[in-house]
Amino acid sequence: AQAAAMHTAAGPRAFGLTAWRAAERIGDAAFGSAVNPLRHLGAIGFFAFWLLAASGVVLYIVLDTSVDGAWRSIHDLADVPLGLGLLLRGVHRYAADVMVIAMGLHLLREWLHRHERGVRRFAWLTGVPLIGIVFAIAIGGFWINWDQLGQYSATATAEWVDALPVVSSAMARNFLAEGAVSNRLFSLFVFVHIGLPLMLVFGLWFHIQRLTRAAVWPPRSLAIGLGLMLAVQQAGGATVVLPRFDPPLVMQAISAEKVSVFAEFAPMLGTLLDKAAKDGDDLSSLRHVTGLDTPETISRFETACPAARFW
């Protein structure tokens, strides 16, 4: 009976691990095992955190940390020329989504592989508590925006705290009356959203201490693809994903989807230019190409596509 009970308890996890490995094989076929996102979840989470930190520093510089000015200063980012303000805010917003998703999938993967025990136990015990810090930072992000959603979140959180028996006075009343929220209280919100990430940095450092080859940065092509995807998503565009670099397939996608942004590494762009010159393929929809290539290839591209620019 005990053996049967143990087998029943292990069943769902074993089934989940089988499904996870099947998903990894699908990802390997689509992206290649070297850049399969499911094999780099921890590194993707780190990458999203670096994006959040970099964009957050710039946002803090332009943020008016007062009750009356916070929402206005964030709203005014829409008026920054070339859409750079919206891009900055969008990358910060979507990078937070990527981090939460990567963190959740990373936790699921480690649990399915039973890494809460054995040699990975230390990483498990130091990683799981970081989830609470991440969610506290996310809630602080709602507060610091101080729009309707931020005010609702702050009030609801205070009501939850009021329900605890250890709290002697009601906190929610600090948010119910007009003018009750002072700049000093708002400074606390700023600390929650900026101070806690400093704790998270230490926690992440502690988390990887006993890992011999901890990856804190995904493969270069995966990092560039993720960063470009976030920027395109903020601009309201669609992301076209292909299983591999196949010139005819890429040309077909550019023509059918009217692709305007393309990331590449040599000799990808040169190969496309050669095919376009030979077969008359249309590259006129391209507006921005980013990557690493030779000056000769860049010059050929800008001559063939005068409306486009290489970055």
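The residues of the chain are indexed from 1 along the displayed sequence.
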**Q** Which atoms form the tightest heavy-atom contact between Ala136 and Leu196, and what is the distance?
**A** CB-CD1, 3.6 Å
**Q** Quick check for you: to the nearest 0.5 Å, what is the distance between His207 atom NE2 and Leu200 atom CG?
**A** 10.5 Å
**Q** Does a side-chain heavy-atom distance below 4.5 Å link Phe301 with Leu283?
**A** no
**Q** Looking at residues at least two apart in the chain, or sitting in another chain, which of them share a side-chain contact (heavy atoms from CB on, under 4.5 Å) with Val216?
**A**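 Partners of Val216 by the side-chain contact (heavy atoms from CB on, under 4.5 Å) criterion, ordered by chain and then number, come out as Phe46, Ile208.
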**Q** Does the Arg13 side chain pair with the main chain of Trp111, one donor and one acceptor, at a distance under 3.5 Å?
**A**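 Side chain of Arg13 to backbone of Trp111, a donor-acceptor pair under 3.5 Å: yes, one is there.
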**Q** Which donor-acceptor pairs under 3.5 Å do side chains of residues 26-45 form with protein atoms, sequence neighbours excluded?
**A**
unit_1, atom_1, unit_2, atom_2, d
Asp28, OD1, Asn36, ND2, 2.9
Asp28, OD1, Arg39, NE, 3.0
Asp28, OD2, Arg39, NE, 3.3
Asp28, OD2, Arg39, NH2, 2.8
Asn36, OD1, Leu38, N, 3.1
Asn36, ND2, Glu24, O, 3.0
His40, NE2, Ala34, O, 2.8

**Q** Which atom names give the shortest non-hydrogen contact between Arg117 and Arg114, and what distance separates them?
**A** CG-O, 3.3 Å
**Q** Output, in order, the C-alpha distance, side-chain angles, deciding distance and verdict of salt bridge (charged side-chain N to carboxylate O under 4.0 Å, His left out) for Asp97 and Arg93.
**A** CA-CA 7 Å; Asp97 292 341; Arg93 168 68 173 81; 2.4 Å; yes
**Q** Please report the shortest heavy-atom distance between Trp20 and Leu105, naming the atom on each side.
**A** CH2-O, 3.7 Å
**Q** Between Ile254 and Ser285, does the side chain to side chain contact (heavy atoms under 4.5 Å, CB included) criterion hold? Intermediate values first, please.
**A** CA-CA 7 Å; Ile254 291 175; Ser285 65; 3.7 Å; yes
**Q** Is a donor on one side and an acceptor on the other found under 3.5 Å between the side chain of Arg287 and the backbone of Ser284?
**A** yes
**Q** Should His288 and Phe262 be marked as a side chain to side chain contact (heavy atoms under 4.5 Å, CB included) after you check the CA-CA gap, both sets of side-chain angles, and the distance that decides it?
**A** CA-CA 6 Å; His288 302 281; Phe262 179 67; over 6 Å; no
**Q** Which residues, ordered by chain and number, are linked to Phe122 in its hydrophobic cluster, where ILVMFWY side chains connect at heavy-atom gaps below 4.5 Å, directly or through other members?
**A** Phe202, Trp205, Phe206
**Q** Hey, could you give me the CG/NE2 distance between Leu63 and His193, rounded to the nearest 0.5 Å?
**A** 9.5 Å
**Q** Answer yes or no: is there a side-chain heavy-atom contact under 4.5 Å between Phe310 and Leu269?
**A** yes
**Q** Report, as yes or no, whether the 6.0 Å neighbourhood of atom CD on Glu302 holds more than 12 heavy atoms from other residues, nucleotides or ligands.
**A**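 It does: Glu302 CD has more than 12 such atoms within range.
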**Q** Please name all residues satisfying side-chain contact (heavy atoms from CB on, under 4.5 Å) with Leu125, sequence neighbours left out, ordered by chain then number.
**A**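 For Leu125, the residues satisfying side-chain contact (heavy atoms from CB on, under 4.5 Å) (neighbours in sequence not counted) are Arg121.
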**Q** Could you work out, with salt bridge (Lys or Arg N to Asp or Glu O under 4.0 Å) as the rule, every residue matching Arg21, not counting sequence neighbours?
**A**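 For Arg21 there are no salt bridge (Lys or Arg N to Asp or Glu O under 4.0 Å) partners, ignoring immediate neighbours.
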**Q** Is there a donor-acceptor contact under 3.5 Å from the side chain of Ser55 to the main chain of Leu88?
**A**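 Here the side-chain-to-backbone pair does not exist.
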**Q** Is the shortest heavy-atom distance from the side chain of Ile133 to the side chain of Leu130 under 4.5 Å?
**A**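 They are in side-chain contact.
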**Q** Quick one: pull up NE2 in His106 and CZ in Arg109 and give me the separation to the nearest 0.5 Å.
**A** 8.0 Å
**Q** If you measure from CG on Leu87 to CZ on Arg89, what distance do you get to the nearest 0.5 Å?
**A** 13.0 Å
**Q** Is a donor on one side and an acceptor on the other found under 3.5 Å between the side chain of Ser299 and the backbone of Glu296?
**A**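 Side chain of Ser299 to backbone of Glu296, a donor-acceptor pair under 3.5 Å: no, none is there.
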**Q** Could you go through residues 224-232 and list every donor-acceptor pair under 3.5 Å that involves a side-chain atom there, pairing it with any protein atom two or more places apart or in another chain?
**A**
none

**Q** Where is the tightest heavy-atom contact between Pro218 and Phe47, given as atom of each residue plus distance?
**A** CD-CB, 3.6 Å
